[in-house]
Amino acid sequence: MDKTIVAIDGPSGTGKSTTARILAEKLGFLYIDSGAMYRAITFELLRNNVKPTDLKKITEITANANMTFDGEEFILNGKNITKEIRSLEVTNKVSSVSAIKEIRKILVDKQRAFAADSSVIMDGRDIGTVVFPNANFKFFLVCDLKTRAQRRRQDFIDHGLKIPVEKIMEELNKRDKIDSSRKESPLKKAKDAIEVNTTNMIIEEQVNFLYRKIKGLD
Ligand code: DC
């Protein structure tokens with residue numbers, strides 16, 4: 001059977017991960033959350049107090065990181081860090097960590113290896129532009145800032161944290177700026193990606209939109 005690769009990119013809070021996870025289940029594909037991989041490295045660097053200038057240690061930690069996940073649980077070197085990688089501390093640091101060239105190179109290789117022998121849906125920022133420029137399907141999700149912040153606020157509430165929407169908007173804006181202006185693999189829409197504006201869509205609609213395109217129904 002031929003492998004199919006689906007790339008889903010876009011800024012934070014556009015519903016990429018939720019859409020990708022449900023879609024992968026529907027299609028029977030492997031789901032890879034590449035953002036979780038950058039988060040895991042951020043967590044590990046913070047845990048080991050590694051300085052952003054210590055490239056030797058950064059490279060060593062990233063290269064030795066053994067990551068497995070099933071869409072729900074994220075395991076790094078045998079430790080379940082599903083909750084830890086969503087903490088505010090990691091969230092606030094991950095954009096600057098993911099701008100480090102040495103980390104990107106190693107994680108991109110690991111991401112490609114995940115797709116070596118199965119069909120995958122991978123979401124991130126550079127999947128359609130750098131990781132899989134020849135993906136069979138590329139989607140770029142966008143959504144207005146306020147809606148993204150409101151969705152994130154709900155996620156935080158579900159995890160027991162109450163954060164004002166304005167504060168979340170500020171953080172999202174900051175993260176978008178770093179992600180799209182960095183030198184290495186900045187967030188940008190691949191020329192051949194289908195743009196999907198999710199501002200007025202519920203998750204089922206997003207999933208269906210992508211599903212129908214992949215199945216050739218639309
Ligand atoms: O999707 P997310 O919010 O979990 O991603 C966390 C951070 O990781 C995000 O700020 C940018 C970075 N990232 C990246 O640079 N490249 C990817 N392919 C995925 C995420």
Side-chain angles (χ1 to χ4, degrees), residues 5-21 23-24 31-46 52 58 62 65 67 69 71-74 76 81-115 120-133 135 138-143 145 148-149 151-156 159 163 168-190 193 198 203 206:
I5 295 183
V6 180
I8 305 181
D9 291 301
S12 314
T14 47
K16 296 186 302 290
S17 300
T18 313
T19 304
R21 185 161 31 82
L23 193 60
Y31 165 50
I32 305 291
D33 175 353
S34 70
M37 298 171 73
Y38 289 96
R39 286 173 179 271
I41 298 302
T42 306
F43 168 78
E44 200 59 4
L45 297 180
L46 286 168
I58 289 175
T62 312
M67 307 183 200
F69 33 95
E72 301 281 344
E73 308 288 325
F74 193 102
L76 173 68
I81 55 163
T82 314
K83 275 214 182 74
E84 288 84 344
I85 59 173
R86 304 288 156 198
S87 71
L88 268 185
E89 199 191 5
V90 168
T91 301
N92 290 339
K93 285 264 155 45
V94 64
S95 279
S96 47
V97 168
S98 57
I100 301 172
K101 188 170 76 188
E102 288 73 9
I103 295 182
R104 300 205 71 84
K105 193 179 172 312
I106 298 169
L107 290 192
V108 167
D109 284 345
K110 289 185 193 280
Q111 287 152 10
R112 290 184 182 142
F114 278 122
V120 295
I121 299 190
M122 194 173 295
D123 76 314
R125 305 293 187 288
D126 61 340
I127 311 304
T129 50
V130 174
V131 184
F132 296 118
K138 296 182 188 179
F139 297 98
F140 193 83
L141 271 47
V142 295
C143 177
L145 182 63
R148 291 196 278 141
R151 289 179 187 165
R152 266 289 138 94
R153 185 167 177 271
Q154 191 54 50
D155 283 347
F156 281 124
H159 288 90
I163 302 174
I168 302 178
M169 278 171 76
E170 225 175 83
E171 287 298 332
L172 281 175
N173 221 350
K174 204 166 96 192
R175 232 155 33 105
D176 286 353
K177 280 216 178 92
I178 304 179
D179 293 346
S180 24
S181 61
R182 68 177 177 223
K183 222 172 103 212
E184 288 305 316
S185 318
L187 165 69
K188 73 167 191 251
K189 180 176 168 287
T198 69
I203 288 295
Q206 298 181 199

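Whatever order the structure lists ligands and atoms in, that order sets their numbers, starting from 1. Atom set for the values below is all heavy atoms of this structure, side chains included, hydrogens, waters and symmetry mates excluded.
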Legend entry - Smallest separation among heavy atoms of Leu187 and Ser180, with atom names: O-CB, 3.7 Å

Inset, instruction - Check whether any side-chain N or O of Lys138 sits under 3.5 Å from a backbone N or O of Gly128 as a donor-acceptor pair, and report yes or no. - result: yes

Inset, instruction - Give the protein residues with at least one non-hydrogen atom closer than 4.0 Å to an atom of ligand 1, ordered by chain and number. - result: Ser34, Gly35, Tyr38, Arg39, Arg86, Val94, Ser95, Ser98, Arg104, Gly124, Arg125, Asp126, Ile127, Arg175, Asp179, Arg182

Inset, instruction - Output all residues satisfying side chain to side chain contact (heavy atoms under 4.5 Å, CB included) with Ala99, sequence neighbours left out; order by chain, then residue number. - result: Arg182

Legend entry - Under the side chain to side chain contact (heavy atoms under 4.5 Å, CB included) test, residues paired with Lys105 that sit two or more places apart: Asp109

Inset, instruction - Would you kindly say whether Arg151 and Thr14 are connected by a side-chain donor-acceptor distance under 3.5 Å? - result: no

Legend entry - Test ring-ring contact (aromatic ring centres under 6.0 Å, His included) applied to Phe74 - qualifying residues, sequence neighbours left out: Phe69

